[in-house]
Amino acid sequence: MQLYKSQQLRVHNSLSGTKEVFQPINDGHIGMYVCGPTVYSNVHLGNCRTFISFDMIFRYFKHLGYKVRYVRNITDAGHLENDADDGEDKIAKKAKLEQIEPMEVVQRYTVDFHNTLQKFNLLPPSIEPTATGHIIEQIEIIKEIIDKGIAYEVNGSVYFDVVKFNEKHEYGKLSGRKLEDMIANTRELTAQDEKRNPQDFALWKKAEPQHIMRWPSPWGDGFPGWHLECTAMSTKYLGDTFDIHGGGMDLKFPHHECEIAQAEASTGKSPVKYWLHANMLTLNGKKMSKSTGNNIYPSEIMSGENDILSKPYSAAVVRFFMMQAHYTSILDLSDEALQASEKGYNRLMEAIDNLAKLETASNSDFDIKAWQQKCYDAMNDDFNTPILISHLFDAVKHINLIKEGKETITETDKNQLQNMMAVFVHDILGIENQAASEDKSQTFSGVMELLIGLRNEARANKDFATSDKIRDELTALGIQLKDGKDGTTFSIN
RNA sequence: GGCAUCGUGGCCGAGUGGCUAGGCACAGCUCUGCAAAAGCUUGUACAGCGGUUCGAAUCCGCUCGAUGCCUCCA
């Protein structure tokens with residue numbers, strides 16, 4: 001059961017920029033934190049990619065037999081629009097726009113987030129904490145940082161003193177930046193009078209009278225700064241130092257850099273052993289973004305109601321499409337690419353269906369053990385799902401050959417292959433066979449059997465006009481007939 | 001402007017100093033009443049220019065191009 005003892009996993013650590021052998025801090029246990037969404041609008045597909053990537057990683061850890069505590073937060077306190085004094089809380093802004101309570105906005109989009117992830121077959125995290133539920137913890141961290149002399153209060157707001165921090169720590173080590181360079185390249189900023197240095201960031205912001213989301217603090221009514229919640233929630237549930245911190249590439253700087261700074265300033269310890277970053281999903285070659293409108297929502301893909309794609313695609317196909325690229329690579333969404341993935345997905349699913357029906361023999365032409373290890377090797381190499389999938393298609397080929405009687409498989413190997421296909425496809429990649437559950441009721445199957453029977457009768461009588469009519473009209477309905485050695489089967493597209 | 005990543009055959013997308021991932025599309029063949037499905041075969045691609053090397057698409061340098069971050073963003 002404890003597979004991790006025999007499989008050596010390597011992960012790409014953004015902190016070192018290299019692949020490292022994965023060794024959890026506590027043997028057999030993993031603490032993993034992933035930055036969740038800000039719930040002020042619906043999640044778009046780009047957001048989903050990150051969560052799907054880490055879901056796959058979570059699934060693989062579990063499969064390897066680790067006990068994983070997976071924490072993924074909900075940012076419901078909003079972030080400042082910018083660091084300038086006229087900054088406005090995003091959620092409060094949206095609430096005003098929609099004439100509802102801020103927490104109503106939060107509730108609405110949290111529900112949407114959960115519904116969407118469920119469609120993509122994501123496992124729920126172990127803990128899903130909210131920022132507003134951890135205001136006290138955040139205030140405590142601010143106090144500690146002030147005590148250490150690395151933060152200062154100005155007019156009801158508290159800022160992190162990056163220059164001071166950099167004296168004894170290394171600000172910028174995650175993103176490969178140097179503070180001196182950053183200071184030298186500072187853009188012209190306005191209304192920065194409160195901060196000692198433009199690189200300083202807010203730990204606590206004073207709430208203006210019109211600001212709705214506000215909490216009392218030692219520095220007056222206000223709201224927590226942009227990066228603090230993740231530090232508070234990750235260390236609360238995973239400890240001062242934990243194994244994995246993940247998130248989207250775009251959070252590397254400044255968000256994750258600031259998290260490191262806050263944690264090191266308050267505890268003196270580096271908070272995270274392995275930093276993992278999932279890369280962007282692009283649309284038309286550009287990053288998807290809520291603010292620029294260059295995005296597509298999962299519901300639009302599944303319904304087909306959009307101007308980008310020629311047809312609807314199921315959540316499973318979209319997930320498969322994403323799994324065909326490495327999580328650290330930029331992936332561009334296009335109709336052509338999705339179509340190709342859909343066909344591949346269908347072929348894979350059909351092979352899995354056919355696998356169960358294969359006849360067995362006294363020997364195998366397919367080395368299951370070697371194949372299985374190749375699949376694990378792919379996953380062990382920084383979760384290389386594209387390579388894993390290429391091996392899965394290797395199995396597909398063998399399944400089809402066995403089905404045609406050109407190769408054989410033993411009972412034991414067949415069971416093993418069935419088991420491992422399920423493990424890799426369903427348990428680890430998280431890909432479900434969505435077609436299997438659709439339109440396969442007893443009644444429907446009966447009708448199909450009848451039609452296939454009639455067609456074969458016509459063929460036997462060389463009445464090809466009738467047989468082709470049945471076939472063509474079924475094709476028009478999206479039902480494909482497949483004449484095999486042992487009779488005719490069908491699939492629904 | 002600074003930092004970072006990337007540029008692979010028609011499309012998508014892996015990858016390693018020498019042994020041509022894979023998916024989709026295309027072509028030929030087998031099968032088929034004809035198709036489809038399935039199988040087999042073929043495609044000598046690694047932005048450009050230099051260099052290191054017995055050998056580089058993979059290492060180094062330069063050029064060009066793209067993207068991300070530097071302001072909220074997965």
- [ ] Kindly indicate, with the supporting measurements, whether the criterion salt bridge (Lys or Arg N to Asp or Glu O under 4.0 Å) is fulfilled by A/E180 and A/K178.
- [x] CA-CA 5 Å; A/E180 307 84 73; A/K178 295 215 180 319; over 6 Å; no
Candidate nucleotides [options], ranked by approach to the side chain of [X] - the nearest:
X: A/W226; options: B/A36, B/C40, B/U71; value: B/U71
X: A/A325; options: B/A74, B/A21, B/A14; value: B/A14
X: A/K287; options: B/G22, B/C69, B/A74; value: B/C69
X: A/L251; options: B/A74, B/G39, B/A21; value: B/A74
X: A/A337; options: B/A21, B/A74, B/C12; value: B/C12

Using the ring of [Y] (Phe, Tyr or Trp, six-membered ring only), decide whether [X] places NZ or CZ under 6.0 Å from its centre and within 45 degrees of its axis.
X: A/R72; Y: A/F54; result: no
X: A/K311; Y: A/Y313; result: yes
X: A/R177; Y: A/F253; result: yes

Open item on the list: Less than 4.0 angstrom between a side-chain N/O of A/N400 and OP1 or OP2 of B/A38, yes or no?
Closed with: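 For A/N400, the contact criterion (side-chain N or O under 4.0 Å from OP1 or OP2 of B/A38) is not met.
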TODO: For B/U67, take OP1 and OP2 only and decide whether either is under 4.0 Å from a side-chain N or O of A/K286.
DONE: yes
Task: Sugar-phosphate or base contact per nucleotide [nucleotides 24-33 of chain B; S, B, -; heavy atom under 4.0 Å] - done: SS-------B
Open item on the list: Once you measure the plane-to-plane angle for A/H277 and A/H256, does it fall in the parallel (<30°), tilted (30-60°) or perpendicular (>60°) bin?
Closed with: tilted
- [ ] Rounded to the nearest angstrom, tell me the gap between atom CG in A/D250 and atom P in B/A4.
- [x] 18 Å
Task: A/E20 and A/S16 side chains, donor-acceptor separation under 3.5 Å - done: yes
- [ ] To the nearest 0.5 Å, tell me how far A/F366 CZ sits from A/I409 CD1.
- [x] 7.5 Å
Open item on the list: Once pairs are restricted to Watson-Crick or G-U wobble with both distances under 3.5 Å, how does RNA chain B read as a dot-bracket string, [ ] for crossings and | for other-strand pairs?
Closed with: (((((((..(((.....[...)))..((((.......)))).....(((((..]....))))))))))))....
Task: Side-chain-base donor-acceptor pair under 3.5 Å for A/R177 and B/C70 - done: no
